[in-house]
Structure formats: C-alpha cells, structure tokens
Peer 1: 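Mind having a look at this structure? Questions to follow.
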Amino acid sequence: MIKLSAISKNYHTDKVQTRALDNINLQVDAGEFVSIMGPSGCGKSTLLNIIGLLDRPASGQIEINGQLLGNYSDSQVAKLRNQTFGFIFQSFHLINELRVIDNVELPLLYRKMPATERRAKAKAALEKVGLTARMEHFPNQLSGGQQQRVAIARAMVGEPQILLADEPTGNLDSQMGAEVMSQLLALNQAGTTIVMVTHNEQEAKHSNRIVRVFDGQLVQ
Amino acid sequence: MIHHIFKLVWQRKSRHLLLSLEMLLAFLVVFVLCAVAGRYYQLYQLPTGLSHQFHWQVSIEGQDREELLQHEAAINSKTQLVDAGNIPVVEQYQRALQAIPGMKHVSFIDIPLYDMSRQSTTTQRSDTQQRLEVNVMNVSDGFFSSPNLRLVAGRGFNQTDNGAAHQPVVIDQRMAEQLFPGEDPIGKLLQEDSSTSMTSFQIVGVVEALRNQGELMTVSPTLITRFNSQSLPSILILQLADGTDRSIEQQIMQQLKQVRSDWRYTIEPLTQKRQSMLRTMMIPLILLAVLSAFLLSMVAFGLFGVLWQHTNARIPELGLRRAIGATAGNIYWQIIAEQLMLNLFAIAIALLLLVQLPLTGVLGNLMDWRLFLMASTAATLIICLISLVCALYPAWRASRLTPTEALHYE
Ligand SMILES: Nc1ncnc2c1ncn2[C@@H]1O[C@H](COP(=O)(O)OP(=O)(O)O)[C@@H](O)[C@H]1O
Ligand SMILES: [Mg+2]
C-alpha cells in the first residue's frame, strides 16, 4: 500500500544542517496498524509527514497503491491528501471559530459534494466517535479527549484508506488516551490502515508492528 | 465554500471590527469623491446654451462714470441720446465690426461668459405673486443667433420688441418648470420683486438652458432680459466664420479703436476662456481627489499590515487545510475571498447609511438615483480593488508554505 525506498530528508537552519531522515526503507500493507517509536527528535514526525505527502523528501521514492509519486502537481498531491489519507495531530488542529460539525465537514469542502451529503457524512462520523450531542459546540467548549475524537471524526469523514496519527494521545491524560486508542483500534478493525507515532509502549502493543527510529534511521 | 467563508468571517467579526470600520470610512470618502465627480460629469453633459468655437469675447473698460450716467438717464427718460452723427455707440460697434470679413454676428451682453460672475434677482409672477430667485442675464437680439442657444418655445428678441408695453424676457426651461408647472409660460407677465419698481416683463420665449459660467455651472432658473441698444456696451460676443484664427484679433482691435479709442478692450477667444474656466471649476474636485488618494494610500498600508498579521496568525489553520486536501490555489482564493467578503459587509453598512441621501432627498437635485448608483458602484469597485491588491501578497505567501511548515508556523 505504501512503499518508501531510500528516503532522506535534511533541514537547514542557520548554517546547521540536520539529517532528519537517512535512507529509510519502509513498507506498510493494507489493513496494518504500524506504530513508529523512538526518542524525541529522531525524525518520527518527519517520516509520518513524508508518508502523508505533507512534506517532500530530499531523495528517495514513494509509492502509494503501486503508483510511484514522481513530479505530482500540487492539485494531484492535494487530492491524495484529501481522499487517501486522514491525519490526526498531537495538538488536534481544530479551527476554533468553527463548530464541531463544521470542523468535521472540512475535508469534504475540498471535494465536489452537495452540502446535504456533506452534512450527513459529518453527522455519521461524529456518531461513530460518540459526539453527536456536541455537534453544535465550539472546540474550546470540549475536553482534550473530546477534541481529539472530533479530529478523528474529521480524519475519517472522507473514508480514507490510510490514517496517519502523530502522537494522538500525547496531549491527553491516560483515560482520555485510552478512549482515543479504542477508537483507532475500532477503525483498524473496520479495515483502515493506520500508521501511528507514539511514545507509549502500552499503546504500541495494540499495533501489528512496531517500527523503531533512531537518529533518522530505522533500527530493527 | 462561500457559505463556509461567510461563517469564518462572521465568527471573526469582532476581530475585524476596526478593520471594517476603516473600510467603511474609506468607502464614505471614496463615495463622496465619486459623487462629486459624477455630479460634475452630469453637469458637463447638460446644455449650456453657449457656443465657444470661433467665438471671441471683447470686454470694454474705461467708460467714465459721467457718460454711463448720461446714458442711463437717457434710457430712463426714453429719449434718444445725441451722439456722433446721432448714431448710438452700440450701432457704431455693430457697423465697425461687421466690416471685418468673416464676421457673422455681433451681440452685446452684460456679464462675461465662461467666468465666475453671475447675477441674480428675485422675480415674481404678476398673477399669483409667486416668487423665485433667478439668475439674470441681459443680452442683445443678436445673441439668439448663437447656434447652441436652443429655443424650445416662443422666440428670441427682435425689432418688434421696440416700444412694447412690457419688456420682453426669455426664460429657461428650469424657470418655466418651477414658476409655470404644467402651464404655457409664453405671454405670462413677471415683475421685479420690489414694490417701487413698476417694470413688468412679458415672457416671449423659453430656451433649453443658458448657463453663463459654462459646463460646470449648476442649473438654476434663469431669466434673460433684452439689452437696450441705447445703453453703453460692456461685453461683446463676436461670432466669426469657421476656421478663423487668433490673427483676427488685431483687426478686431483696430475696428474697436475706430469707434472709441479712449476705451480699453480685452479680446479673448471663448474656447480659451472655456478651458481656463473648466480648469478653475475642477480645482475643488482635484483637491478632493488628491486628499482621497492620500487617505486611501494610508488605508491601503494599514490594511496590508493588518492582513499580513491576520494571515500570519492563522497559518497553522491554513496548514491544516492543506493537510486535509486544500490546494495552494484554494488557500490563495480563500484569503482573498474572505477579505472581499469582509469588505462587502463594510460597504453594505455604508450603503445603508448613504441610501438615505436620495431616499430622503436632503440634497435636492444634487443627488438623484442615477448619481447615487453611479457613485456607489464606482466606490465599491475602488474599495474592492484596494482590498484585493492588499490581500494578494499575504495570500500568495501563505499559499506557498508547505503543509508541514504551515502547521508548525509560529
Ligand atoms: N522545520 C524544521 N526545521 C529545522 N529542523 C527541523 C524541522 N522539523 C524538524 N526538524 C529537526 O529534525 C529532526 C527530526 O524532527 P522530528 O521529525 O520532529 O522528530 P520527532 O517527531 O521524532 O520528535 C529534529 O532534530 C528536529 O530538530
Ligand atoms: Mg514529533
């Protein structure tokens, strides 16, 4: 489903060059639940962003569903982000000026879809994460765990094949984290491929496979 | 998407309050500018009753008081003034000037054309005593041969008016509408609004318009009285054959000096007078335009700064949008659309206030619906254009960031 070959990524800041990723080869199959672990600053987020096409590697190749991503145009990449991937971030990244339902609808705005269908899909997604009652609230009226569940609903509303989660429980206490984890597991059971960055060994145990990163390289 | 952008703008309304207020004020200023410019344009389109091409104006100065008084006394006592060879000075000028080849008409008036001066009086209908403040101008019979002074009813002055019981007058359409609505003014009597004066006037004709200051003069009711051929002339209007150039002025001067060499003459082509009058009348508009341009550039700088800050502050939001499927183009247009929408809010409020002007008619005929529509359309376009220009760069920059850069932007 996803195949990374010889991926490298450098960051340049004030004459200092950081090699964030160094010759990464990684394959994720359909239906897998992969956890990425490693110390802080080792390149986990960078790796996840490259998988999700939020960032471009300095070198190496990315294949998605057997398609090699070469010189894809901005709109082609945007379409993949919109339809193939769903993202969950540590800091939720909800838009505070929009109601919960509007936040969930957001990815569908970038598709051609009638407003009523969008609304129906957003409601269904909120129902799955158990937040139907909070539909008309604003994000800052919700707890952290609830906000992250809204983010999950937003990631899932477009029915992507692959869900990418960067420390989804990192800002949550253990009880809320457990709630979020159970949502992710349910989604994986329903067939969604998940790649998750985590610090939590307990959480990682739920996944099929753990990938460890150290200093920009994969370790076995 | 429009609905979505509307929601965002609406939710951020308090943050945008000052900005909207600024846009509202800027809109008001631009509206005033456009309304004044539009009003000038409307006036410019209206008939003046004046012709300027191949027309010259001669102003005579240096007549001494005594002579003037003599003439006035003669006119009042209705006796013929005995002058050189018994010919009135007006007649002498006529003859002398007609001798110039290409001279088509010579006429006499009492206030200069394409000039700031105007004279007014209050007149009243003899039958209803209804009064009206009017501009007055005194012209000789020949003035009606001016090609642009169009009669819409009746006639101009001619020899049959000599010794008439009532002094003949011609009025303009505006005066006819105001003093004789729905009536035929021809033959109606007017009198001067002073109990002592016994002079009464009879309307013999109606002209389309006569605005002595030219194109940019406001339209007000105008009364045209007949120049008495016994009086001393002060301003002459000469109509010459097409193609005549300024070299004729020397010849005109010679002929004038033949009549009275002790008087001073100023000869000027009307085309030139018209040009300089237009320039003079444009000064307030130009000042207003310069002030507005200055103000608008301040507004534009302010707007740019605020937009820059607002856009920067929401780059993480824009990054999120990129991450969930927005293209760079989507981001670019979103920022521009939000700014335009905010702008339209401000404009809508301003228009709600301004529409009271034509609705209540406080400005009378200064602002009609056409002018209002013209000014509000032009002002809306200008303000939207400024908004657009100020939003382009912040929008472009925000759309260039990669999603990761944007998501982690501080
Ligand atoms: N935008 C950036 N500019 C410069 N350096 C960066 C940037 N993002 C990440 N890095 C550096 O790249 C390395 C990997 O970062 P990251 O992938 O965020 O690590 P992790 O998510 O594993 O904590 C770190 O050394 C970090 O400092
Ligand atoms: Mg990270």
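Letters go in sequence order (proteins before strands), and every chain restarts at 1.
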Peer 1: Crowded around B/R370 CZ? As in, over 12 foreign heavy atoms under 6.0 Å?
Peer 2: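 Incorrect, the count does not exceed 12.
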
Peer 1: Would one find more than 12 heavy atoms of other residues, nucleotides or ligands at under 6.0 Å from atom NE2 of A/H12?
Peer 2: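 Yes.
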
Peer 1: Taking A/H93, A/R56, A/Q83 one by one, which has the highest count of heavy-atom pairs under 4.5 Å against chain B?
Peer 2: A/H93

Peer 1: Enumerate by number any residue of residues 396-404 of chain B whose heavy atoms lie under 4.5 Å from heavy atoms of chain A; in the absence of such residues, state 'none'.
Peer 2: B/T402, B/P403, B/T404

Peer 1: Starting at CD of A/Q76, measure out to OG1 of B/T327 and round the result to the nearest 0.5 Å.
Peer 2: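 So the gap between those two atoms works out to 12.0 Å.
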
Peer 1: Roughly how far, to the nearest 0.5 Å, is the CG atom of A/N82 from the CZ atom of B/R321?
Peer 2: 12.5 Å

Peer 1: Is the number of heavy atoms from other residues, nucleotides or ligands within 6.0 Å of CD (B/Q309) greater than 12?
Peer 2: no

Peer 1: Could you walk me through whether A/R154 and B/L320 pass the side-chain contact (heavy atoms from CB on, under 4.5 Å) test, one step at a time?
Peer 2: CA-CA 11 Å; A/R154 180 183 64 194; B/L320 171 85; 3.2 Å; yes

Peer 1: So for A/L54, is it side chain, backbone, both, or neither that comes closer than 4.5 Å to the heavy atoms of chain B?
Peer 2: both

Peer 1: For chain A, which residues from residues 30-47 of chain B lie under 4.5 Å away (heavy-atom distances)?
Peer 2: none

Peer 1: If contact means a heavy atom pair closer than 4.5 Å, which residues of residues 6-28 of chain B contact chain A?
Peer 2: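 Those residues of residues 6-28 of chain B which have a heavy atom under 4.5 Å from chain A are B/K7, B/L8, B/Q11, B/R12, B/R15.
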
Peer 1: Is it the side chain or the backbone of B/R322 that comes within 4.5 Å of chain A heavy atoms, both, or neither?
Peer 2: both

Peer 1: Sort by residue number and list every member of residues 279-305 of chain B having a non-hydrogen atom under 4.5 Å from chain A.
Peer 2: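 So far as heavy atoms go, nothing in residues 279-305 of chain B approaches chain A to under 4.5 Å.
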
Peer 1: Where is the tightest heavy-atom contact between A/F89 and B/A323, given as atom of each residue plus distance?
Peer 2: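 Distance-wise, the nearest heavy atoms are CZ-CB, 4.1 Å.
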
Peer 1: Given heavy-atom pairs under 4.5 angstrom as the criterion, report whether the side chain, backbone, both or neither of A/F85 touches chain B.
Peer 2: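 No part of it gets close to chain B.
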
Peer 1: Picking from A/L80, A/D102, A/L94, A/L53, which has the most non-hydrogen pairs under 4.5 angstrom with chain B?
Peer 2: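 Of A/L80, A/D102, A/L94, A/L53, A/D102 has the most heavy-atom pairs under 4.5 Å with chain B.
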
Peer 1: For A/Y11, look at atom OH and say whether over 12 heavy atoms of other residues, nucleotides or ligands are found less than 6.0 Å away.
Peer 2: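 Yes, because the 6.0 Å sphere around OH of A/Y11 holds more than 12 heavy atoms from other groups.
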
Peer 1: Starting at CD1 of B/I324, measure out to CG of A/L106 and round the result to the nearest 0.5 Å.
Peer 2: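 Taking CD1 in B/I324 and CG in A/L106, the distance rounds to 3.5 Å.
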
Peer 1: Quick check for you: to the nearest 0.5 Å, what is the distance between A/L109 atom CG and B/H4 atom NE2?
Peer 2: 5.0 Å

